[in-house]
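Below is one structure; the comments refer to it alone.
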Amino acid sequence: MLNFTKKDVLKNKLVLVTGGTGYIGSHTTVELMNEGYDVVIIDNLSNSEKSVLDGIAGITGRKPYFEQFDICDREKLENFFKIYKRLDAIIHFAAYKAVGESVEKPLMYYQNNLTTLMNLLHGMVHFNIPNFVFSSSATVYGQPDKLPVTEEAPFKPADSPYGNTKQIAEEIIRDTVKVNPQIKAISLRYFNPIGAHPSALIGELPRGVPNNLVPFITQTAIGIRDELKVFGDDYDTPDGTAVRDYINVVDLAKAHVVSIKRMIEKRGKSNLEVFNLGTGKGSSVMEIVKAFEKASGVKLNYKIVGRRIGDVESVYSDTKYANDELGWKAEIGLEETLLSAWNWEKNVRAKKK
């Protein structure tokens with residue numbers, strides 16, 4: 001493991017990003033480094049590539065510190081904390097995240113997603129790490145009674161083990177900060193992150209068959225997939241396809257930087273705060289398809305198939321609290337976001353030729 005010199009530690013605030021070579025983690029690392037933070041990433045590379053570090057360096061001019069291991073291993077994590085002293089904050093992304101896979105492999109999801117969280121919280125208590133940002137999800141709301149969804153909406157029974165791990169994780173964090181008031185935490189409930197960095201140096205790079213809509217769209221457009229499957233056209237929505245709140249990943253990443261600053265500057269209203277991260281606008285699957293075709297100039301081959309287990313009909317955010325209290329707002333438009341995803345896809349495939 002690398003170690004920091006005294007000069008390094010004193011120069012900048014130091015943030016641990018778990019899962020930092022992943023999709024959202026890498027974009028957040030870029031935004032942190034652009035704001036002058038030092039970043040150390042822990043990632044086991046189970047669903048990402050080490051080459052992402054080169055993309056981060058290409059954007060920021062420097063590489064983050066990097067350690068490769070699984071934070072389910074509590075002994076290795078404690079050794080890490082002994083070496084990387086004086087962490088100012090942790091942002092926790094490292095988790096399994098595919099709804100469909102979680103339905104098929106629930107124990108794998110509970111084991112990984114909850115063990116990693118508890119190991120980190122144990123470390124925060126023992127090593128006096130004060131600030132924690134949790135990568136949560138709008139899946140905690142299930143199919144809400146009212147739209148748009150505010151942070152006060154009750155949790156519904158989860159539609160998938162993945163969603164349930166997010167609900168349970170938030171409860172674990174709440175109970176932990178209650179008896180450890182020296183720890184501040186912010187839970188960010190994402191809606192649907194899409195797009196890529198405008199440089200096309202980092203983006204969403206799923207292994208195998210994509211579980212998310214936009215990488216499946218871009219892979220279909222470039223010819224890797226024969227067709228895009230649209231799961232269900234009989235929902236009670238304007239065009240029958242499921243509606244989600246799609247947010248640009250760079251906008252999303254910036255919210256994590258704002259959250260870290262909020263806790264370091266002690267501006268929070270309580271030890272645990274919750275914010276929805278979305279655009280406040282719902283878009284259907286077919287609207288995304290048409291917007292991508294317009295932005296890219298590529299006609300997609302798609303097919304309507306049956307609904308997918310674990311999917312809810314419609315969900316989109318009420319962003320007022322995040323806009324007013326957190327001081328953050330999504331700014332990048334849908335077509336620009338989809339074009340960034342397409343440029344990233346083309347860049348990835350060009351490198352592989």
Side-chain angles (χ1 to χ4, degrees), residues 24 97-100 102-103 134-171 186-195 211-214 217 230-249 251-252 254-255 259 272-292 304 306-338:
I24 305 173
K97 61 178 185 177
V99 169
S102 78
V103 174
F134 179 61
S135 169
S136 191
S137 169
T139 58
V140 299
Y141 298 118
Q143 179 59 65
D145 294 326
K146 296 180 180 179
L147 293 173
V149 185
T150 72
E151 289 81 355
E152 301 302 317
F155 286 4
K156 290 294 188 70
D159 290 295
S160 68
Y162 163 73
N164 202 26
T165 66
K166 293 301 184 183
Q167 292 182 349
I168 295 169
E170 288 203 21
E171 292 170 356
I186 290 179
S187 183
L188 298 176
R189 294 174 181 166
Y190 311 158
F191 281 70
N192 289 71
I194 60 172
N211 288 295
N212 295 331
L213 175 63
V214 171
I217 284 176
V230 176
F231 295 104
D233 65 348
D234 57 351
Y235 288 106
D236 186 16
T237 62
D239 63 18
T241 61
V243 169
R244 298 290 182 271
D245 188 337
Y246 294 94
I247 177 174
N248 186 287
V249 68
D251 279 336
L252 188 78
K254 290 178 179 179
S259 297
L272 173 59
E273 296 185 296
V274 173
F275 298 97
N276 285 342
L277 298 186
T279 66
K281 179 183 182 298
S283 298
S284 73
V285 173
M286 286 309 304
E287 285 176 322
I288 296 296
V289 168
K290 298 304 179 186
F292 175 82
I304 306 294
R307 296 187 186 190
R308 184 171 56 180
I309 295 173
D311 282 345
V312 299
E313 179 173 277
S314 180
V315 61
Y316 53 95
S317 64
D318 185 321
T319 62
K320 180 174 173 51
Y321 188 61
N323 297 163
D324 295 348
E325 183 60 36
L326 188 58
W328 166 90
K329 185 177 183 179
E331 298 177 341
I332 304 171
L334 184 59
E335 286 186 25
E336 181 181 349
T337 298
L338 291 167

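Worth saying up front: this structure is predicted, and the values here are computed from it rather than measured. What's counted below: heavy atoms across the whole structure, side chains too, no hydrogens, waters or symmetry copies.
- Here the side chains of R244 and F191 are not in contact, with every heavy-atom distance at 4.5 Å or above.
- Between S283 and I288 the shortest side-chain heavy-atom distance falls below 4.5 Å.
- Taking NZ of K97 as the reference point, atom OG of S137 lies at 11.0 Å (rounded to 0.5 Å).
- For the pair T319 (side chain) and N323 (backbone), a donor-acceptor distance under 3.5 Å is absent.
- S187 has its side chain out of reach of F275: every pair of non-hydrogen atoms, C-beta onward, lies at least 4.5 Å apart.
- Across all non-hydrogen atoms, the minimal contact from T279 to A330 is CG2-CB, 4.1 Å.
- Using a 4.5 Å heavy-atom threshold, the side chains of D311 and D159 count as separate.
- You'll find the side chain of V103 reaches within 4.5 Å of the side chain of P161, heavy atoms only.
- Residues that satisfy the salt bridge (Lys or Arg N to Asp or Glu O under 4.0 Å) test with D239, not counting sequence neighbours, are absent from this structure.
- Nearest heavy atom pair, residue A291 against residue L338, reads CB-CD1, 3.6 Å.
- Between the side chain of W328 and the backbone N or O of L277, no donor-acceptor pair lies under 3.5 Å.
- Between G142 and P144 the shortest heavy-atom distance is O-CD, 3.0 Å.
- Of the possible donor and acceptor atoms, one in the side chain of R307 sits under 3.5 Å from a partner among the backbone N and O of D234.
- Between K166 and F134, some side-chain heavy-atom pair lies under the 4.5 Å cut-off.
- Under a cutoff of 6.0 Å and an axis angle of 45°, R308 and F231 form a cation-pi pair.
- From E336, atom CD reaches atom CD of E331 across 10.5 Å, with rounding to the nearest 0.5 Å.
- Judged by distance alone, the side chains of E170 and S136 do bring a donor and an acceptor atom under 3.5 Å apart.
- The line from OG1 of T337 to CD1 of I332 is 5.5 Å long, rounded to the nearest 0.5 Å.
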Quiz prompt | Worked check of side-chain contact (heavy atoms from CB on, under 4.5 Å) between R189 and V274 | solution = CA-CA 7 Å; R189 294 174 181 166; V274 173; 3.2 Å; yes
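- Distance OG/S259 to NZ/K254: 14.0 Å, rounded to 0.5 Å.
- Looking at S135 and Y190, their side chains come closer than 4.5 Å, going by heavy atoms from C-beta outward.
- Residues V249 and I24 are in side-chain contact: their nearest non-hydrogen atoms beyond the backbone lie under 4.5 Å apart.
- Put simply, CD1 on I247 and CG on L252 are 5.0 Å apart, with the number rounded to the nearest 0.5 Å.
- Checked by atom type and distance alone, the side chain of N164 never pairs as donor or acceptor with a backbone atom of S160 at under 3.5 Å.
- Heavy-atom minimum distance, D245 versus G280: OD2-N, 3.0 Å.
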For this session: May I have the step-by-step check of side-chain contact (heavy atoms from CB on, under 4.5 Å) for T241 and Y235, ending in yes or no?
Result: CA-CA 6 Å; T241 61; Y235 288 106; 5.6 Å; no
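- Residues T150 and Y321 have side chains that never bring a donor and an acceptor to within less than 3.5 angstrom of each other.
- Residue pairs that meet the salt bridge (Lys or Arg N to Asp or Glu O under 4.0 Å) test with at least one member in residues 312-328, sequence neighbours left out, are R262-E325, K269-E325, K320-D324.
- Remark: K156 engages D145 in a salt bridge, criterion side-chain N to carboxylate O under 4.0 Å.
- Minimum heavy-atom separation, A158 to G163: CB-C, 3.9 Å.
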Exercise. Determine, step by step, whether V243 and V315 satisfy the side-chain contact (heavy atoms from CB on, under 4.5 Å) criterion, reporting the C-alpha distance in whole Å, the side-chain angles of both residues, the deciding distance to 0.1 Å, and the verdict.
Key: CA-CA 6 Å; V243 169; V315 61; over 6 Å; no
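- Checking N276 against Y141 by side-chain atom types alone, a donor-acceptor pair falls below 3.5 Å.
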Would T139 and Y162 count as a side-chain contact (heavy atoms from CB on, under 4.5 Å) here? Give the steps. CA-CA 8 Å; T139 58; Y162 163 73; 3.8 Å; yes
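- In this structure a side-chain-to-backbone donor-acceptor pair under 3.5 Å is missing from D233 to G240.
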